[in-house]
Enquirer: 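Quick one: this structure, given as structure tokens, is what I'll be asking you about.
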Amino acid sequence: MRLTRYFGKTLRQAPSDADTISHQLLVRAGYIQQLAAGSYQFLPLGWRMQQKISDIIREEMDAAGALEVSMPVIQPREIWEQSGRAETFIPPLAGFQDRRGREMVVAPTHEEAVTTMVKANVNSYRDLPVNLYQIQTKFRDEPRPRAGLLRTREFMMKDAYSFDATQESLDNSYDLMVKAYINIFTRCGLEVAIVEADSGGIGGKDSQEFILLAENGEDVVLLCENGDYGANVEKAEFVKQPNPEESPLEMEEIATPGIKTIDELAKSLGIPTNKTAKAVFYTVGGEVIVVTIRGDLDVNEVKLRNILGGVEPRFSTPKEVANSNLVPGSASAVGLDGIRSIVDDSLTLGSNFVAGANKEGFHIKNVNFPRDFKGDIVADIAKATAGDVCPRDGGIFHDARGIEVGHVFKLGTIYSKDFDANFLDETGESHPIIMGCYGLGVSRLVGGIVEAHHDENGMTLPAAIAPYLVYLASLNVDDEGVREAADGLYAELTNAGLDVLYDDRDEKPGVKFKDADLIGIPVRVVVSRRGLNNGQIELKLRTDREATLVPTAEVRDAVKVMLGR
RNA sequence: CGGGAUGUAGCGCAGUCUGGUUAGCGCACCGGUCUGGGGGACCGGAGGUCACAGGUUCGAAUCCUGUCAUCCCGACCA
């Protein structure tokens with residue numbers, strides 16, 4: 001494609017509202033343009049890059065036996081009511097009424113739709129397994145879109161759904177997808193960490209995320225130093241260090257005037273924080289509950305939500321706390337009646353804790369669980385952090401930020417039951433179909449790849465996903481010899497099956513070099529009067545410092561070698 | 001939802017505090033001359049509902065009120 005006929009232009013400065021590097025470079029290089037918060041238009045360069053990624057995804061999904069379909073973005077709200085997610089999906093569904101007054105939603109994901117599709121087409125175990133996927137627009141009304149393409153409201157996603165007759169078959173379908181994802185990310189030039197994850201609003205049991213490690217990432221993951229375990233911080237399990245054994249002593253009230261926090265409490269008593277019990281108040285569906293955890297640990301709200309049956313807990317307001325007769329700073333579950341108590345299992349790993357006395361300015365020594373307070377639920381609800389101990393092999397966790405680029409789930413039968421999507425087994429017995437689902441953020445990958453592949457001058461895109469393979473720059477367009485040579489190379493390289501972006505503009509060399517670097521095309525070919533006088537053309541990989549000179553006749557083969565073709 | 005910041009040409013900004021020519025500058029854009037290997041120089045142009053609405057005033061980009069938009073931080077352990 002000739003740049004004189006192209007659409008979109010490069011910017012010397014990025015818009016002031018772009019602050020992550022991928023956002024800045026994608027806008028400056030003319031790949032994308034913002035329309036509204038979390039809503040981007042793809043210019044030709046950006047769209048081509050996204051299409052290259054989509055092509056890779058299609059190849060790998062097809063190779064794994066999945067079949068491409070397409071489902072509506074606008075869906076009747078009914079099916080969301082049927083699954084029970086109409087009210088519970090976070091962020092809340094966006095939608096509108098059609099002209100007949102029927103409630104429609106803009107789909108944030110497609111479990112409901114695909115389940116109805118499969119229900120109509122699968123009756124027997126002979127029809128299974130099957131895996132359906134699509135690459136298509138999603139809309140989620142995110143409370144805070146940010147970081148360019150890394151978190152948008154409208155985005156492109158590849159979503160796949162597997163349907164199996166048995167758990168073993170689901171395991172196989174799931175493994176096939178994990179392998180396909182590894183292939184996809186590898187081909188995109190990315191190294192991703194596969195970590196255990198919470199399944200969140202989608203539902204299901206086993207779930208893993210593919211995390212592209214990057215400083216601008218929103219997710220925090222914990223990785224064992226031995227490489228055998230990695231998990232999103234929302235999910236991570238760890239070995240809680242037990243306190244030294246002591247025999248339980250009698251409770252004793254002590255005055256602690258002015259002490260409000262665990263740190264102050266531990267300091268004033270000269271004890272470690274793990275000798276204290278911390279009480280935290282949450283409101284769950286209008287009910288205030290008290291959550292008790294050892295003072296050196298913090299509550300993981302995702303774990304808490306899961307043991308509460310999936311209802312989102314929220315920090316209680318001061319008013320709710322007061323109405324429940326709880327005393328902030330001196331609260332505990334000791335002696336509390338009529339209020340639900342959730343206890344982290346860390347409190348079983350020690351004795352004689354210091355806890356609040358539920359009286360302003362007082363605490364109680366030698367509190368022991370379950371002797372001194374009840375726990376309606378005792379479970380692991382603690383948040384792991386860097387330095388904690390891996391549950392698999394005792395290794396130490398380190399933490400890292402990353403971008404969630406893929407997420408796979410074993411759903412089980414939650415949706416097939418909602419929609420009566422059943423099959424008959426060999427004995428004629430009816431069962432709900434066992435499902436899995438597999439998401440991959442395509443437009444997010446565009447941003448993620450730039451986060452991973454750039455330098456101070458612009459993008460350094462891998463050939464597999466670059467919008468063009470060759471940036472052909474003619475330095476002296478008013479020189480007939482140069483123009484003929486450049487035109488000839490353009491034709492030759494294009495005919496050889498290489499995507500060429502031909503900079504035939506009447507611009508200074510510096511401008512062309514700057515743009516070539518910014519746009520990030522893997523190979524740069526320069527035709528100039530100077531080189532031509534020696535019968536030579538200049539070739540350079542975007543990621544190399546120095547260029548090499550080759551005779552005109554050898555350019556095509558040399559470029560192919562550089563691209564590994 | 002809460003907190004903070006910002007809205008002036010396609011992009012980056014000054015001007016606002018202290019109201020008063022025709023609202024400026026850099027980049028980009030159009031015409032021209034020179035130049036020609038890392039965003040070059042000069043000459044001449046075009047481009048603005050100063051986010052929007054209302055108010056104060058002889059006079060508002062500037063002061064007041066409201067609205068909208070965009071970005072950042074927080075969604076947290078009493």
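Chain letters run A, B, ... following the sequence lines, proteins first and then strands; every chain starts at 1.
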Enquirer: Aromatic contact between A:F353 and A:H363, with the criterion being ring centroids under 6.0 Å apart: yes or no?
Expert: no
Enquirer: Look at the side chain of A:S528 and decide which nucleotide, out of B:C77, B:G37, B:G39, has an atom nearest to it.
Expert: B:G37
Enquirer: Once rounded to the nearest 0.5 Å, what's the spacing between atom CE of A:M562 and atom OG1 of A:T543?
Expert: 8.5 Å
Enquirer: Give a yes/no on whether any side-chain N or O of A:R12 is located under 4.0 angstrom from OP1 or OP2 of B:A28.
Expert: yes
Enquirer: Do A:E546 and A:K540 sit within salt-bridge range, that is, some charged N less than 4.0 Å from a carboxylate O?
Expert: no
Enquirer: Report which part of the nucleic acid A:K512 touches: base, sugar-phosphate, or nothing (heavy-atom distance under 4.0 Å, all strands).
Expert: nothing
Enquirer: My understanding is that a pair needs two contacts under 3.5 Å, Watson-Crick or G-U wobble. By that rule, which nucleotide pairs with B:G44?
Expert: B:C30
Enquirer: Checking contacts here: which listed nucleotide (B:U70, B:G38, B:C76) is nearest the side-chain heavy atoms of A:F513?
Expert: B:G38
Enquirer: Closest-nucleotide mapping onto RNA chain B: is A:E301 or A:A36 further toward the 5' terminus? I mean the 5' end.
Expert: A:A36
Enquirer: Report the residue (A:V280 or A:R28) whose heavy-atom-nearest nucleotide on RNA chain B is the more 5′ of the two.
Expert: A:R28
Enquirer: Searching all strands shown, indicate the nucleotide that pairs with B:G7 (Watson-Crick or G-U wobble; both distances under 3.5 Å).
Expert: B:C68
Enquirer: State plainly whether the residues A:D345 and A:K240 are in salt-bridge range, i.e. N to O under 4.0 Å.
Expert: yes
Enquirer: Checking base pairs now: Watson-Crick or wobble, both atom distances under 3.5 Å. What partners B:C25?
Expert: B:G12
Enquirer: Does A:R144 have a side-chain nitrogen or oxygen under 4.0 Å from the phosphate oxygens OP1 or OP2 of B:C72?
Expert: yes
Enquirer: Can you label the angle between the A:H23 ring and the A:Y40 ring as parallel, tilted or perpendicular, going by 30° and 60°?
Expert: perpendicular
Enquirer: Under 4.0 Å between a side-chain N or O of A:Q34 and OP1 or OP2 of B:C71?
Expert: yes
Enquirer: Please give, in whole Å, the distance from B:C73 C1' to A:E218 CD?
Expert: 13 Å
Enquirer: At less than 3.5 Å, do the side-chain atoms of A:E538 and the base atoms of B:G37 form a donor-acceptor pair?
Expert: yes
Enquirer: Identify whether the distance between the nearest side-chain nitrogen and carboxylate oxygen of A:R2 and A:D504 falls below 4.0 Å.
Expert: yes
Enquirer: Contacts to RNA chain B from residues 446-460 of chain A, heavy-atom cutoff under 4.0 Å, which residues?
Expert: none
Enquirer: Taking 4.0 Å as the cut-off, does a side-chain nitrogen or oxygen of A:S16 come that near to OP1 or OP2 on B:C13?
Expert: yes
Enquirer: Can you name the atoms? Protein N/O to nucleotides 45-53 of chain B N/O, anything below 3.5 Å, with the distance.
Expert:
none

Enquirer: Watson-Crick or G-U wobble partner for B:C1, using a 3.5 Å limit on both distances?
Expert: B:G74
Enquirer: For the P atoms, the ones on B:U56 and on B:A14, what distance do you get once it is rounded to whole angstrom?
Expert: 31 Å
